[in-house]
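Written below as structure tokens is the structure these notes are about.
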Amino acid sequence: MEQELNGKIVETAGHTSDSISLLLNNGYLFCGDAAMNGFPSKYNITIWAEDKVAFLQSWQKIITLQPTKIFSGHGKPFDVQSLKRNIGFVENIKLHALKHK
């Protein structure tokens, strides 16, 4: 499957437990709601998340992958440097849970 996609599927839980991203061989990462780049988001942080720890781990994973451009489900494309600059805000922000455990 990944050969047909010319990339690889990356688990990026946090927004939901089953969230995934697609990293293409050209370095483009399609991350869905693992990050945002527009209203009402601040600092690329999605406004709804199931698991803050998993969300932070997914950002760390994306940063490690060093994509050349990130395309989120909301907002304009951005570079990985934006996540690096804003990762500290994830630890301090209150994310609103999608479901109660």
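- Looking at T46 and D33, their side chains never bring a donor and an acceptor atom within 3.5 Å of each other.
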task = Go through the steps to decide whether K8 and L65 satisfy the test side chain to side chain contact (heavy atoms under 4.5 Å, CB included), and finish with yes or no.
result = CA-CA 11 Å; K8 67 179 181 175; L65 291 169; 3.9 Å; yes
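- Inter-residue side-chain proximity for L56 and I87 is flagged as met; some heavy-atom pair is nearer than 4.5 Å.
- Distance check: N44 CG to H74 NE2 gives 13.0 Å after rounding to the nearest 0.5 Å.
- In this structure, the side chains of L29 and K69 stay at 4.5 Å or more apart for every pair of heavy atoms.
- When the side-chain hydrogen bond (donor to acceptor under 3.5 Å, both in side chains) test is applied to T12, the partners found at least two apart in sequence or on another chain are S21.
- With hydrogens and angles disregarded, no donor-acceptor distance shorter than 3.5 Å links the side chain of S82 to the backbone of F78.
- Under the 4.5 Å side-chain heavy-atom criterion for Ile, Leu, Val, Met, Phe, Trp and Tyr, F89 and I70 are members of the same hydrophobic cluster.
- Linking ILVMFWY residues whenever their side-chain heavy atoms come closer than 4.5 Å, directly or via other members, places I63 and V90 in the same cluster.
- In this structure, the separation between OH on Y43 and CG on N92 is 10.5 Å, given to the nearest 0.5 Å.
- In this structure, the separation between CG on L83 and SG on C31 is 7.5 Å, given to the nearest 0.5 Å.
- Below 30°, between 30° and 60°, or above 60°: for F71 and F30 the angle between ring planes is below 30°, a parallel geometry.
- In terms of hydrophobic clustering, with Ile, Leu, Val, Met, Phe, Trp and Tyr side chains grouped at heavy-atom distances under 4.5 Å, L24 and I9 are assigned to a common cluster.
- The number of heavy-atom neighbours closer than 6.0 Å to NZ of K84, taken from other residues, nucleotides and ligands shown, is above 12.
- Note: S41 OG to W48 CH2 = 13.0 Å, rounded to the nearest 0.5 Å.
- Minimum heavy-atom separation, S58 to A13: OG-O, 2.6 Å.
- Between I45 and M36 there is no side-chain heavy-atom pair separated by less than 4.5 Å.
- Around the OH atom of Y28, the shell of radius 6.0 Å holds no more than 12 heavy atoms that belong to other residues, nucleotides or ligands.
- With hydrogens and angles ignored, the 3.5 Å screen pairs no side-chain donor or acceptor of H15 with any backbone N or O of E50.
- Heavy-atom minimum distance, S19 versus T16: OG-OG1, 2.7 Å.
- Under the 3.5 Å distance criterion, the side-chain polar atoms of E11 are left unmatched by any main-chain donor or acceptor of I20.
- For the pair N37/P77, no side-chain contact is recorded, criterion being any heavy-atom separation below 4.5 Å from C-beta on.
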